[in-house]
Amino acid sequence: MNFEFSEEQTMIKDSVSRFVRERYDFDTRRGIIESDDGISREFWTMFAELGWLSVPFAEEYGGFGGNVVDIAVVMEEMGKGIMVEPYASTVVVFGGLLSASTNAALKEQVIPSIIEGDCLGSFAYMEPQSRYEMSDVSTTAIATGDGYTLNGVKTVVANGGTAHKFVVTARTSGEQFDHSGVSLFLVDATAPGVDVKAYKMMDGQSAATLTLTDVAVDQSQLLNAAGEGMDLIGQVMPQILIGLSAEALGIMATLNTLTVEYSKTRQQFGAPIGSFQVLQHRMVDTFMGCEQTKSMLYRGLCESKSETDAVALAKTVHALKATVARYGKIIGEEAIQLHGGIGMTDELNIGHYVKRLMMINTSYGDGDFHQKAFNQLSYSA
Amino acid sequence: MNFEFSEEQTMIKDSVSRFVRERYDFDTRRGIIESDDGISREFWTMFAELGWLSVPFAEEYGGFGGNVVDIAVVMEEMGKGIMVEPYASTVVVFGGLLSASTNAALKEQVIPSIIEGDCLGSFAYMEPQSRYEMSDVSTTAIATGDGYTLNGVKTVVANGGTAHKFVVTARTSGEQFDHSGVSLFLVDATAPGVDVKAYKMMDGQSAATLTLTDVAVDQSQLLNAAGEGMDLIGQVMPQILIGLSAEALGIMATLNTLTVEYSKTRQQFGAPIGSFQVLQHRMVDTFMGCEQTKSMLYRGLCESKSETDAVALAKTVHALKATVARYGKIIGEEAIQLHGGIGMTDELNIGHYVKRLMMINTSYGDGDFHQKAFNQLSYSA
Amino acid sequence: MDIRFSAEDIAFRDEVRDFFAAEYEGAASTPLSDNAATDYKAAIVGWQKKLHAKGWIAPGWPKEYGGTGWTSTQKFIYETERGLAGIPDVVPFGLKMVAPVIYTFGSEEQKARFLPGILSSDDWWCQGYSEPGAGSDLAALSTSADYAGDNYIVNGRKIWTTFAQYADWIFCLVRTSKGIRRQEGISFLLIDMNTPGITVKPIVTIDGKHSLNEVLFEDVAVPTENLIGEQDKGWTYAKALLAHERTGMAEVADSKRMLEGLKQRATTEINGGKPMIEDPVFQMRMSDIEMELMALEYTELRVFASMAAGGMPGPESSLLKIKGTEISQAIHELQLQLAANYGGALAGDLSSNELGHDFAAEARGKYMYGRAATIYGGSNEVQRNVIAKAVLGL
Amino acid sequence: MDIRFSAEDIAFRDEVRDFFAAEYEGAASTPLSDNAATDYKAAIVGWQKKLHAKGWIAPGWPKEYGGTGWTSTQKFIYETERGLAGIPDVVPFGLKMVAPVIYTFGSEEQKARFLPGILSSDDWWCQGYSEPGAGSDLAALSTSADYAGDNYIVNGRKIWTTFAQYADWIFCLVRTSKGIRRQEGISFLLIDMNTPGITVKPIVTIDGKHSLNEVLFEDVAVPTENLIGEQDKGWTYAKALLAHERTGMAEVADSKRMLEGLKQRATTEINGGKPMIEDPVFQMRMSDIEMELMALEYTELRVFASMAAGGMPGPESSLLKIKGTEISQAIHELQLQLAANYGGALAGDLSSNELGHDFAAEARGKYMYGRAATIYGGSNEVQRNVIAKAVLGL
């Protein structure tokens with residue numbers, strides 16, 4: 001039984017941590033967000049050089065051959081710096097889907113370009129009516145000769161404005177909510193019929209509405225067998241949820257640390273506010289919430305690596321995301337409340353950590369969504 | 001707009017309050033509970049003499065002609081003394097059902113005997129399978145000539161051991177969960193085929209399992225038209241829920257007062273525990289909970305008297321009972337926690353107030369039950 | 001135990017409804033935005049002038065100064081209808097905050113000089129209480145006013161000043177001498193915002209908008225005739241006002257309207273083919289709030305009734321502030337939960353059709369700015385301290 | 001980052017399971033009752049003697065004194081299996097509380113004299129820490145022990161003493177001199193319960209049962225050889241133990257078993273024709289707890305792992321106590337919610353058939369007595385103070 005990181009994991013962790021500390025201060029981040037792209041291409045190239053973009057990919061594609069623990073290590077440190085570059089979107093989600101793809105040619109074509117930093121990617125699954133239900137797909141893919149024609153609208157596509165390629169869910173068969181019949185297509189951002197309307201999100205990242213009008217896609221761009229997209233998504237979901245949760249943990253720990261430190265210096269009624277017992281106990285509760293979240297993350301990491309059955313792992317990652325929602329909300333709200341007026345300002349970093357935490361909460365399902373999914377697995381007959 | 005009691009209400013309030021203060025101290029109560037009957041017949045006679053038993057009944061039967069406000073006034077004061085005599089069971093519930101009955105002969109026969117203190121009554125509705133669903137009735141009433149034959153089991157019948165008469169729900173038609181087809185019968189405790197197994201409840205009151213085996217009941221004992229019992233129950237339910245909630249409010253206020261007072265004297269770490277900010281804020285929360293409960297009770301009282309439609313009143317009384325559940329739980333648990341070890345002892349009164357509060361919570365539906373009923377009225381299309 | 005409305009009350013309610021329906025155009029409730037700053041001010045003032053013309057601008061004032069002379073039931077009806085109609089309350093700094101100080105503690109000359117401009121909304125007021133080092137601990141303020149013949153010379157910084165960018169006047173608590181208790185030596189000054197030496201610096205909040213400001217005073221000369229009451233007694237005047245301020249913070253009618261909006265939106269937001277309002281778990285989250293609000297409505301009525309029976313609002317007004325702000329924050333949270341992924345979108349020029357959603361931006365803004373509700377006006381922690389001390393005697 | 005079990009671990013787990021299945025008869029977990037007091041003690045001792053015979057009675061002890069020499073993984077496996085099998089933990093006062101003090105701070109003679117009786121369960125110990133005036137504020141204790149030649153003469157009252165009615169020995173904190181700090185001048189004494197001058201008074205708790213007692217000392221002579229370590233240094237010895245005690249308070253395995261029981265009962269309790277386990281709201285209440293428990297299981301593992309890597313449990317053990325007790329109380333609440341109206345029934349001689357319900361009495365007892373979990377062992381408020389100070393540096 002051990003909860004330590006391997007030597008290699010410690011090296012990656014230190015690498016990201018040092019970058020955040022030395023290169024990614026708050027003003028730098030603000031400058032990046034205000035730039036046209038909203039991300040630093042220069043830094044992205046450095047991430048490639050530092051090997052971060054290769055972490056979860058198989059060695060045959062030039063990857064580091066890492067696992068979900070390595071992803072968590074990177075994401076947690078990135079969370080501490082609330083980095084806006086689309087690592088989760090490109091490497092963890094888009095890259096994760098490609099890694100799980102059964103289409104060898106596609107993998108050989110795309111994965112190396114992710115690793116080299118040349119390809120930003122995104123997963124376009126949400127639709128105006130779908131909320132968090134991933135199988136609620138009304139985008140259509142009609143078979144036409146040796147390919148498909150895609151029509152539909154995808155909303156709040158993470159980093160949609162900068163992505164070169166999208167994995168798009170479209171229905172090749174079945175009814176609106178059917179699990180089966182959803183297919184995964186790789187679609188180029190510049191393909192005819194693809195319209196991208198990008199906008200900023202409150203966490204400094206960006207999103208887009210993706211409109212597909214008679215977009216022709218060759219069948220070679222299917223990630224796996226037509227109609228079986230949901231199975232592939234299901235395989236990658238633990239990695240996605242763990243990665244985002246690790247990022248959230250980094251943010252939660254940072255918010256707690258900043259708040260505790262502030263409470264030691266801020267004077268009210270002739271004493272530092274950290275000396276008031278009510279605030280002490282609330283900071284203890286946020287501390288415990290962070291520790292519990294960390295434990296749930298570690299549970300997910302350990303179970304990902306052991307022979308735990310898929311249902312047990314699914315329960316754990318749903319519970320993890322729900323725990324992130326619960327304690328993330330409390331930690332964010334307490335951080336603002338305990339900072340008082342200054343916590344309400346755009347100038348201070350606190351609000352920006354909170355906003356990223358809020359966005360993680362709604363990414364791939366909020367707390368209630370995951371808790372209900374957990375209930376489904378845990379309490380149905 | 002006024003929230004004051006009338007002169008008559010103030011007189012009743014003072015009368016009950018004085019009795020609790022002067023005659024119903026904690027040792028007296030303990031003695032009553034340990035007696036064979038578990039209630040004081042002597043006191044019950046005094047209640048009759050003091051006019052308390054006449055409060056909600058029409059003047060034509062010798063009643064005081066009071067309304068739900070008068071009932072609330074009496075119940076709140078009784079709550080402060082956690083009186084174990086079956087006032088709620090006999091006067092508010094059993095009496096309330098009779099008052100709402102359309103059977104004039106039955107009313108003339110029974111109500112005066114309640115007022116005179118000669119008749120203790122109880123409402124037998126719960127069945128082993130029914131939980132809080134009042135229309136889940138499997139007790140049968142088969143028509144036979146000029147009457148009915150009743151068969152079935154009623155559980156946790158309040159004060160079943162001392163009641164002279166029961167109002168019993170039995171199904172004259174329809175399926176197990178049907179609203180219609182439930183009838184209300186007045187059944188004598190000594191009638192052939194009636195078996196009463198009494199036992200104590202944790203709040204010092206008692207309950208019984210009532211087994212009906214081929215019990216013959218004349219049709220003159222129907223409270224209203226056969227099959228329409230649920231309508232009558234629905235009419236009386238606001239009064240029942242308000243009465244119990246008023247009792248709960250008296251208990252909650254008492255627990256808060258006792259806890260605040262104790263916190264001013266109990267020393268820990270060289271200071272009264274009431275000086276610790278964490279406990280102060282928690283006592284503020286229980287204070288606010290009690291005030292909010294009081295406001296919800298007053299809302300119910302005001303709406304009972306005005307032309308509010310039945311749905312709005314039903315929403316309010318469901319919300320009231322759910323509020324009693326929510327804050328009653330917090331207030332009870334905090335009272336024990338803040339009293340510490342001594343709060344855990346049977347010797348101190350705190351635990352006994354808490355136990356009565358817990359019993360009120362499960363009487364006629366717990367917090368979740370009433371909140372769901374509220375949701376049904378508030379959010380269904 | 002009776003809140004039934006009389007026939008007169010019902011006639012009054014109908015009159016209020018008719019007036020609102022006929023005269024209110026909605027402009028004053030458009031979301032704050034620095035782009036539309038001037039329009040926003042003009043819209044507010046325009047609406048308030050209509051209320052003034054109707055004689056309804058100052059229900060809380062004594063009749064002799066321009067109040068309405070309403071009964072507490074009428075005030076309750078008016079507030080309820082206002083909230084349900086979605087009409088924002090009047091900007092409080094002049095009408096509800098400085099005016100009561102002026103007509104209670106000011107000189108006859110001050111009343112004659114300032115009250116008409118407040119009633120007519122020709123003068124826009126802002127509040128200069130908080131300072132960087134004095135948040136909920138108001139008495140720690142250090143902005144100084146030194147007596148110099150006909151003037152006080154004011155130096156210091158005020159912060160979190162709402163709408164200072166629009167204001168003609170600011171009322172300030174300033175330190176005129178060092179008392180033994182920190183509450184001593186504080187004075188209450190009225191300051192013309194056009195006086196040389198005053199600088200207003202905008203503060204952008206976490207919702208990305210600008211309503212708050214820092215106000216800097218550098219050797220600002222304020223005529224001594226602008227001092228309210230006695231020098232060094234300002235704390236007394238300000239404190240008398242705080243309980244009044246808190247009773248206005250329950251915002252029951254506004255929360256009722258927001259909750260109705262929430263229910264509406266829960267019928268149109270779909271999950272798995274079903275509207276969210278049918279989700280049993282979401283129903284519980286809504287009724288947790290709705291039930292609390294139903295109770296708070298009566299708590300507020302009880303406070304009003306006891307005020308009507310003579311007497312200032314007591315420390316129980318802190319309860320209204322705590323519960324009222326907790327309820328409005330809880331509603332904001334559910335709005336944002338409904339908005340789901342869209343809640344974070346700063347969609348800018350995208351139409352709601354292009355974005356795919358129509359209330360996300362509002363939900364986000366209310367949630368983010370709404371975090372302040374438990375901080376300002378004396379944080380909720382301070383309010384709990386007040387109840388612990390003044391009500392429970394701890 | 002790995003908790004996979006080795007083949008040896010799995011073999012060990014199977015051995016534990018087999019042993020429990022073969023040897024445990026369940027008597028020791030029957031509810032406490034003063035009517036059956038003697039039987040209960042006999043059942044406990046009988047089971048502990050079986051564990052002793054197997055060599056498993058003291059997993060926490062160093063091997064040289066009779067410990068098992070297990071790895072932390074084995075300890076974890078053992079605890080998990082014990083909880084899941086519904087077997088109560090050993091009575092902690094001898095094996096887990098006084099024994100570590102004796103083998104860490106006691107003399108060789110004391111070790112030889114006391115440890116064998118603890119291991120064999122021939123000696124039943126109880127704990128004399130709390131006093132009427134010293135609850136969570138342990139250092140406020142006033143029971144005195146005056147040095148008189150070969151003896152200390154003990155006078156005072158201890159309270160909340162679990163199972164004092166069964167005990168052969170009591171370990172006490174007593175005041176031997178007045179220090180400048182209240183923690184000074186406290187000594188750690190072992191006292192034979194048969195010594196003249198000791199009176200045990202039962203305390204009935206709100207569940208109507210008797211497990212707690214008051215223990216009165218009137219001029220009780222205790223040989224000086226029963227003093228642990230140095231006079232006046234007892235606080236140090238006791239304190240070293242408290243963190244150990246708290247790590248045992250997470251009771252993860254027991255909560256897991258209770259939660260499984262809850263799920264089972266939720267499948268048989270019917271509401272409106274449907275089992276409660278299908279109720280979406282009740283599901284949320286269950287998973288609120290289950291998820292917290294899943295996390296706590298790993299928090300406990302993390303503490304174990306850091307202890308295994310050398311080192312005593314730190315103040316984070318307070319976290320285990322707080323969360324563990326909050327979780328078990330939350331499970332009790334849901335059990336009681338399931339029991340509905342039946343939860344209050346003291347049905348006495350009625351069979352569960354006659355009453356109409358079968359787990360109500362247990363649910364009520366656990367809920368009521370379970371309220372103590374956040375009070376004893378240092379109240380949860382004190383635990384939060386500990387974390388605030390020692391972990392957060394506040």
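If you're wondering where the values come from, they're calculated on a predicted model, not measured in any experiment. Quick note on labels: first sequence line is chain A, next is B, and so on, each numbered from 1.
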Residue pair B:Ile336 / D:Ile375, side-chain heavy-atom distance below 4.5 Å: yes
Ring pair (Phe, Tyr, Trp, His ring centres under 6.0 Å) against D:Tyr369, all qualifying residues, sequence neighbours excluded: none
Region of B:Leu279 in contact with chain D, defined by heavy-atom distances below 4.5 Å: side chain
When D:Glu269, D:Arg182, D:Arg285 are compared by non-hydrogen pairs under 4.5 Å with chain B, the top option: D:Arg285
Chain D contact via B:Gln129 - side chain, backbone, both or neither, heavy atoms under 4.5 Å: backbone
Best-contacting candidate, D:Ser136, D:Ser379, D:Pro132, against chain B by heavy atom pairs under 4.5 angstrom: D:Ser136
Value rounded to 0.5 Å, distance of NZ in B:Lys372 from CG in D:Asn271: 6.5 Å
Under 4.5 Å from a heavy atom of chain B, the part of D:Gln337 involved: both
Under 4.5 Å from a heavy atom of chain D, the part of B:Glu127 involved: backbone
Residue, of D:Leu138, D:Asp207, D:Ile159, D:Val281, that accumulates the most heavy atom pairs under 4.5 Å with chain B: D:Val281
Whether over 12 other heavy atoms sit under 6.0 Å from D:Arg265 CZ: yes
Part of D:Asp279 lying under 4.5 Å from any heavy atom of chain B: side chain
Heavy-atom contact with chain D under 4.5 Å, split by part of B:Ser130: backbone
Salt-bridge present (D:Lys209, B:Asp346; N to O < 4.0 Å): no
Nearest heavy atoms of D:Gly356 and B:Pro128, plus distance in Å: O-CB, 4.5 Å
Under 4.5 Å from a heavy atom of chain D, the part of B:Met344 involved: both
Side-chain donor-acceptor pair present, B:Thr155, D:Tyr342, cut-off under 3.5 Å: yes
Per-residue contact mode, B:Asp366 against chain D (heavy atom under 4.5 angstrom): side chain
SB check D:Glu381 B:Arg282 (cutoff 4.0 Å): yes
Residue among D:Gly272, D:Ala140, D:Gly348 with most heavy-atom pairs under 4.5 Å to chain B: D:Gly272
Pairing residues for B:Gln280 by the side-chain hydrogen bond (donor to acceptor under 3.5 Å, both in side chains) criterion, not counting sequence neighbours: none
Nearest-0.5 Å distance, CD of residue B:Glu347 to CD1 of residue D:Ile203: 8.5 Å
Residue among B:Asn361, B:Val278, B:Ile350, B:Thr209 with most heavy-atom pairs under 4.5 Å to chain D: B:Thr209
Toward chain D, the part of B:Met201 with a non-hydrogen atom under 4.5 Å: both
Contacting region of B:Tyr132 [heavy-atom separation from chain D under 4.5 Å]: both
Sub-4.5 Å side-chain heavy-atom contact between B:Arg131 and D:Ile270: no
Portion of D:Arg384 that has a non-hydrogen atom of chain B nearer than 4.5 angstrom: neither
Residues 261-271 of chain B: residues contacting chain D (heavy atom under 4.5 Å, by number): B:Arg266, B:Gln267, B:Gln268, B:Phe269, B:Gly270
Test salt bridge (Lys or Arg N to Asp or Glu O under 4.0 Å) applied to D:Lys366 - qualifying residues, sequence neighbours left out: D:Glu362
Between B:Gln176, B:Met358, B:Gln371, B:Met359, the one whose heavy-atom pairs under 4.5 Å with chain D are most numerous: B:Met358
D:Met368 and B:Lys355, any side-chain heavy atoms less than 4.5 Å apart: yes
Interatomic distance, D:Ile206 atom CD1 to B:Thr345 atom OG1 [nearest 0.5 angstrom]: 8.5 Å
Heavy-atom contact with chain B under 4.5 Å, split by part of D:Ala345: both
Heavy-atom side-chain proximity of B:Tyr199 to D:Leu346 below 4.5 angstrom: no
Chain D contacts, top residue of B:Ile342, B:Asp136, B:Val354 (heavy-atom pairs, under 4.5 Å): B:Ile342
Portion of D:Ala134 that has a non-hydrogen atom of chain B nearer than 4.5 angstrom: backbone
B:Gln337 (side chain) donor-acceptor with D:Thr374 (main chain) under 3.5 angstrom: yes
Test item: D:Glu333 and B:Lys329 side chains (from C-beta on) under 4.5 Å apart, heavy atoms: yes
Portion of D:Leu336 that has a non-hydrogen atom of chain B nearer than 4.5 angstrom: side chain
